[in-house]
Student: 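Sharing a structure, written as structure tokens. Questions coming.
None of these values were measured; they are calculated from a predicted model. Heads up: numbering here begins at 1 and tracks the sequence. We count ligands from 1, going down the list as the structure has it; atoms in each ligand are counted the same way.
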Amino acid sequence: MNNFFDKLHEECGIVGIYSKTYQHLGPLIYDALISLQHRGQESAGIAVYHEGVMMHYKNMGLVRDVFNEENLRPFNGNVGIGHCRYSTIGSAERRNAQPLVVEFKAGTMALAHNGNLINAVQIRGELIDEGFSFTSTSDSEIIIKLIAIHYKGNPLEAIKKALAQVEGGYALVLIVEGKLYGIRDPYGLRPLVLGQTKKGDYILASETVALDLLEATFIRDVDKGEIIEIDDSGYHSHYFDTTKPMNLCGFEFVYFSRPDSDLAGKNVYQVRVELGKILARGDKEKYDLVAAVPESGVPAAIGYAIESDTVYSSVFIKNKYIGRTFTDPTQEGRERMLRLKLSILKSNIQGKRIVIVDDSIVRGTTLRSIIFELKKAGAKEVHVRISSPPVGFSCFFGIDTPSKKSLIAANMSVEEIEEYIGADSLRFLTSDEFVEGVGLPEDSLCKACFSGEYPMKVPKTHNKYVFEKY
Ligand code: SF4
């Protein structure tokens, strides 16, 4: 995804594999990362361990650009982890790519992290004051440093002590002393699943799509506040914090997760279809056709069409070969860029009253251009339906939200947004409708970017705006 489509940015994708046997793990981790690429496209990396030796490589770019047959060849071993990154704290540069690999008392340790620590600035400052140095500006380095500091011969105890100091949303995969660990924060904000292949290898991954790809059977979600420890004797569960309520990120269902993933027992595609059906139930009027803003609005638009018995039609053709584009700050330039990326099937919309379904509105700028182009192409009316509540608050737990002043719903009422984007009508899901569509207990979901009710006390300023100073 990219800025142009005005979405909240994904966070990171992580994967870990533990096998009892020495094997060529590189291609397996590579494939799993490809299936998680939608979660982060800035950098990619792999670390594989065997008998005291950690092989690792990371670089900027898509997984397919970072790795090739030749540089994957040495990745042999029995335990490995992989990461694809979108930067939320720490800039997009190679030193912040992951896995992070460090030498410490017990040898070499590797970590891949999805999420954000809300007390990263404070801990990093304290460690720097104590004389520690950092090689990156990513908050993930704090976790690996704390584990190394607390290590006194027992990795599990060191991990627990390190996690007791950090706060935020995170899912981690970690290799210490040849064991693989999978960890989820005490609120379960970021997802992590466990599976097993027919050969008996264990897989940890951000989403079930990676398990499907490796033909691994889903065992279960890693629980909130849980550490899964994997070695030759199997997997073992340990808890480091059971005091917090579950708060799985609701936005995973709206946009971040792939539709073919299952999250907390719910299939993401089916949830999105259901959200679209609920949107349709709120409409008394009948329209000529319903279409989606591709790709993330598609399941909800299908749900809307089924429920309202309205024709679902393609209205946009997305150019798959666009590659790199150059920013043109003028209105004219932005409109040309939109036409380059999305062209409109004029014959489908001329003289029609159409409903456009999208998953969310962040800044509103893209939707505004889309509606302008639809009307210019001959649409009689354009009604916009959004399959989530308005995003009026920043995320502090691993999603790259713009600052509040750039979030349209933080600064305008629904009526004002409707006018700004030029829609003939605009409707979002209410929070209750959203929860109904997801089908999980309301108190098990984080909806803070809709409500401002964060599961924990968050800093006044997002770490990403101050972190680089330290
Ligand atoms: S604030 Fe929003 S994006 Fe962030 S974890 Fe909560 S639901 Fe997800």
Student: Would G250 count as a contact residue for ligand 1, given that I'm defining contact as a non-hydrogen atom of the residue lying under 4.0 Å from a ligand atom?
Tutor: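 Heavy atoms of G250 do come under 4.0 Å of ligand 1.
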Student: If the threshold is 4.0 Å, N to carboxylate O, is there a salt bridge linking E252 and R39?
Tutor: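 So E252 pairs with R39 through a salt bridge.
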Student: Just go through S360, C449, P455 and tell me whose heavy atom is the nearest to atom 1 (S) of ligand 1.
Tutor: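 Among S360, C449, P455, the closest heavy atom to atom 1 (S) of ligand 1 comes from C449.
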Student: Report yes or no: is the cationic atom of R124 (NZ for Lys, CZ for Arg) under 6.0 Å from the centre of the six-membered ring of F134, at an angle within 45° of the ring normal?
Tutor: yes
Student: Is the shortest distance from a heavy atom of R190 to ligand 1 less than 4.0 Å?
Tutor: yes
Student: Quick check: does C395 have an N/O/S atom under 2.8 Å of atom 4 (Fe) of ligand 1?
Tutor: yes
Student: Looking at C249, which atoms of ligand 1 are within less than 4.0 Å of one of its heavy atoms?
Tutor: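 In order of numbering, the contacting atoms are 3 (S), 5 (S), 7 (S), 8 (Fe).
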Student: Is the closest side-chain donor-acceptor distance between Y304 and D283 under 3.5 Å?
Tutor: yes
Student: May I ask you to check whether C446 brings an N, O or S atom to under 2.8 Å from atom 8 (Fe) of ligand 1?
Tutor: no
Student: Can you find a pair of side-chain heavy atoms, one from P389 and one from K447, that are under 4.5 Å apart?
Tutor: no
Student: Centroid-to-centroid, F251 to F450, below 6.0 Å?
Tutor: yes
